[in-house]
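Worksheet: the structure to be examined is printed underneath.
Convention: sequence-line order gives letters A, B, ...; per-chain numbering from 1.
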There are 4 protein chains.
Amino acid sequence: MARPKSDDKRNAILSAAIQAIVNHGLSASTALIAQEAGVANGTFFTYFKTKSELFNQLYLELKTGMASTALDDMPPEVTIKEQIYNVWSNWVHWAVESPNKRRALALLGVSDELTAETRDEGHLVMAPLARLIEQIHENGAMRDAGMEFVIALMNSIAETTMDFARRSPEKAEEYCKTGFDALWRLMA
Amino acid sequence: MARPKSDDKRNAILSAAIQAIVNHGLSASTALIAQEAGVANGTFFTYFKTKSELFNQLYLELKTGMASTALDDMPPEVTIKEQIYNVWSNWVHWAVESPNKRRALALLGVSDELTAETRDEGHLVMAPLARLIEQIHENGAMRDAGMEFVIALMNSIAETTMDFARRSPEKAEEYCKTGFDALWRLMA
Amino acid sequence: MARPKSDDKRNAILSAAIQAIVNHGLSASTALIAQEAGVANGTFFTYFKTKSELFNQLYLELKTGMASTALDDMPPEVTIKEQIYNVWSNWVHWAVESPNKRRALALLGVSDELTAETRDEGHLVMAPLARLIEQIHENGAMRDAGMEFVIALMNSIAETTMDFARRSPEKAEEYCKTGFDALWRLMA
Amino acid sequence: MARPKSDDKRNAILSAAIQAIVNHGLSASTALIAQEAGVANGTFFTYFKTKSELFNQLYLELKTGMASTALDDMPPEVTIKEQIYNVWSNWVHWAVESPNKRRALALLGVSDELTAETRDEGHLVMAPLARLIEQIHENGAMRDAGMEFVIALMNSIAETTMDFARRSPEKAEEYCKTGFDALWRLMA
DNA sequence: CATGAATGAGCGTTCATTCAT
DNA sequence: GATGAATGAACGCTCATTCAT
C-alpha cells in the first residue's frame, strides 16, 4: 500500500481535513473529514493508518506548500536583503490568501500529535530562508546570539505580521513592510 | 452554609487541571482532573459548572498570576527602559519557574473554549506593561505603526525568549537580556 | 422522626413535587423539588426517606384530596342516582380546577414506583362511591359482570370525561352530563 | 452498500426495547437494550439516532401492529355491528396475546418523548374503526356529543376490557363480549 | 480497493443519597 | 433539624478503528 490507488482521494481527504480543522478544531472527527471529502468512513483509513498520521502528513504538506510559495522564484541577482524581502513578502501574501491553511497549520503545530520527526522535517523546508538570514546575522546586531534564537524570533515576528495582514487585508502591504523593517532593525 | 465550598478543593482542581492539560492536552478528561485533585468525579461540577467554565477560570487565574508576577514591585524612580526591563525580566523568570503554568496557559489561549469576555479580561491584566511600552513607542522607530501591532510584536518576542530561556535555564539570564535588546532595537 | 418538625415544609415539598412532576415528569430531580419548595437539597430526605417514598405519599395525598372533594357533602335524602351524580359532578369539577394535581396523580398512577400497598390504600378512598354504584349495579344491565369490572369501566369513563372537560372548560358542564348519561346507560 | 443495515438487528433492538421497557420502564438504558438485543452499545445508534427516535419508531411500530391485527380480515358482507365486534374481538385477543407490547405501547403513549407528528400518525392507524363507529354514532344515543368524545370513550372502555381480559385470560371471551355490550349500550 | 455497519472504551454531565458542619 | 458539599454509579452519546461485504 505504498502509494494508494487514487491521489485524488488522498488530496480530497487532506483538503477536507483543513476545512474540518478550521471549523471544528483538531477534534474534528474522521467521519466528518471523510464525509467532507466525499468518501466513506472506512476509506479514510486506507489512505491514513490513523488520524494522527493524517495530522502529521497534513502538517508537512501544508508547511511544504507554504515554503514553496514563500521561496518561489528567488532572484539570485539581487542583494541578500532584497532576496529576504522577496521571501518575506511571498510568505505574508500566502497567509493573506490561504487563511484556512494557515489556521490549520497553526493548530497542528501546537498539537501534541506531531512526532519529533515530523517537526524536524517541517523545519527543513524553510532552511533556504534560514541560510539567507544567516548571512545577515553573522555580522549583525545579534551576532553573539545563536542562529536558532534569531530564526525563532524571525518566525514569531513573521507570524505576528501575518496575523495583522490577514485581519486587515487592505493594509497587508503596509504590515508586510513595517514587519520587515522591524525584523531588519532587530537583527541586521 | 453547612460545609462551605472549600478553596483548597477548588485550588486542587485548578492545579490538577494544569497537570492534566500539560500531560494530555485540553482533552484531559474531567474524571482525570478530579482524580488527580483527589476528589470524586462529581465534585468537579460542584466547583465548575462545566469543563468549559473551568478552562475559562483557569485561563484567567493563570494569566492574572503571570501578570502579577511580571508586574511585581515596579520601581517608579527609574527610567522607563529600566521599568520595562524589570517587567520583562520578571516575566521571563516566571516562565522558567512555572513551565507547566505557561504551557497550560498557551494551550488554553489557542482553544476555542474561551469566551470573548474571558479573552478581554485576560488582555487587561498586562495593560500596565502596555502603558509603559506606549511611552517608548510614541517617539520610537515604529511610531507610524499602530500600538496594537507593536504590542503583539513585543508579545511574540517575549514568548520566543521565554521558550529559549525555559529550554536552557542555565542561559536564561542571557536570553532575557538578548531578547530585551532585540525588542528595544525593534521599537525604541 | 414519626412526625418531622414542620408540617409546612412537608407540604411545601409535596406542592413543589406536583409542580415539578407536571413540568418535568417523574424524572424531576429531588434537587429541583427541594429548590422549588424553598428548602435545601438534603432537607428533602428528612421528610421523605427516598424519592420513591415521596411518590407514594404524594399519590395517596392526591388521591385522598380528590376523593374528599368528590365525596364532599353527600346529601342522604335523595335518590341513589342523584347521589352518584353529585359525586360525579364534584369529581369532574375537581379535575377542571386542579389540572396539575390530576396530571401528577395520573403520572404517579402509571409509574412503577408505587407499592402494592399504596395502590390498595388508594383504591379504598373512593370506596363510598363504589358502594353507591353497587346498589345500581346489582339490578342493572351488567349485573352478571363483576363489580370490579364495572368500577373500572366507570373509572375509565370518568377519566375520559375529565380529560375533555379540562381541555374545554367552557363545555365542562356539558361533558359532565353527557359522560354521566353514558355511564348510566352502560350500567344502570 | 458494504454491510447493509440488518433488519434482523433493527428488530432485535425493537424487541429488546419492549422487554426492557416492560421490565424497567422508559428509563431502561440504551446500554441494556443493546445488550438484550445482542449488539454492542454503539450499534444502537446506528439504527436509531437517539433514544427518543427509538421510542417514536417503536410506538408507531407497535400501534401499527396492533391496528393491523385488530383490523385484520374485515368481512364486508355483514352488519356494521358485526364488523365492529370483529375488530373489537381481534383487538382484545391481541392484548391477551401480546401483553408486553401492550404495556410498552401504553408507557410510550403517556411519555413526553413522542413528537406531535408521531402521535398524529399513531391516530391514523385506527381510523377505519373510527369510521365504522361513526356510522353507528350518527343515529345513536350520543348523537349530540362530538365524535372525538365518543371515540375516546370507546378507547377507554376497550383498554379496561383488555386489562381484565389479560389479567384473567380464561375469562377473556366473556370480558370481550361484556365489554362490547357495554360499549353498544353506551353509544348505539 | 471501497463501503459503511460494528465495536466498545471513553466522555461530560446528572442525580439520589450521605454526611460534615 | 437544616444545610449544601461530597460521592460515585449511571446515563446518552461519540468516535477511532476494524472488518464483513
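In this entry the distance linking CG of B/D8 with C1' of F/dA5 reads 14 Å, nearest Å. Rounded to an integer number of Å, the gap from CZ of D/R3 to P of E/dG4 is 13 Å. E/dG4 atom C1' lies 16 Å from atom CG of A/L32, rounded to whole Å. In this structure, the CG atom of C/N41 is 15 Å from the C1' atom of E/dA20, given to the nearest Å. The CG-P distance, from B/L54 to E/dC11, rounds to 15 Å in whole Å. Nucleotide E/dT7 holds its C1' atom 15 Å from the CD atom of D/Q35, rounded to whole Å. Here F/dA20 presents its C1' atom at 17 Å from NZ of D/K5, a figure rounded to the nearest Å. In this structure, CD1 of C/I13 is placed 14 Å from P of E/dT17, rounded to the nearest angstrom.
In terms of position along DNA chain F, the nucleotide closest to D/F44 lies nearer the 5' end than the nucleotide closest to the other residue of the pair A/F44 and D/F44. Toward the 5′ end of DNA chain F lies the nearest nucleotide of C/G38, the other residue of the pair C/G38 and A/A31 mapping further downstream. Annotation: of the two residues near DNA chain E, D/A40 and C/S52, the 5′-most nearest-nucleotide partner is D/A40.
For the OP1/OP2 pair of E/dA6 and a distance below 4.0 Å, the side-chain nitrogens and oxygens of D/Y47 include at least one atom meeting the criterion. In this model, the phosphate group of F/dA16 is approached by a side-chain N or O of A/T30 to a distance below 4.0 Å at OP1 or OP2. In this model, the phosphate group of F/dA2 is approached by a side-chain N or O of C/K9 to a distance below 4.0 Å at OP1 or OP2. Residue B/T43 places at least one side-chain N or O closer than 4.0 Å to OP1 or OP2 of F/dT7.
Ion pair D/D163/D/R102 flagged as a salt bridge, since at least one NZ, NE, NH1 or NH2 atom sits closer than 4.0 Å to an Asp/Glu carboxylate oxygen. Checked for salt-bridge contact, A/E61 and A/K101 miss the test: no charged N lies under 4.0 Å from a carboxylate O.
Across F/dT18, E/dC11, E/dA20, the shortest atom-to-atom separation from the side chain of B/S29 is found for E/dC11. In the set F/dT3, F/dC19, F/dT7, F/dT7 carries the atom at the smallest distance from any side-chain atom of B/V39.
For the residue pair B/T43 / B/T46, no side-chain donor-acceptor distance below 3.5 Å is found, with atom types taken as modelled.
Proximity of B/F45 to B/T30: side-chain heavy atoms (C-beta onward) are separated by under 4.5 Å at one or more points.
Within the nucleic acid shown, D/S6 has no heavy atom closer than 4.0 Å to any nucleic acid atom. Contacts of C/T50 with the nucleic acid, taken as non-hydrogen atoms under 4.0 Å apart, involve only primed sugar atoms and P, OP1 or OP2.
Distance check, rounded to the nearest 0.5 Å: NZ of D/K51 to CG of D/L26 gives 7.5 Å.
The nucleotide F/dA20 finds its pairing partner in E/dT3, both defining distances of the Watson-Crick or G-U wobble pair being shorter than 3.5 Å.
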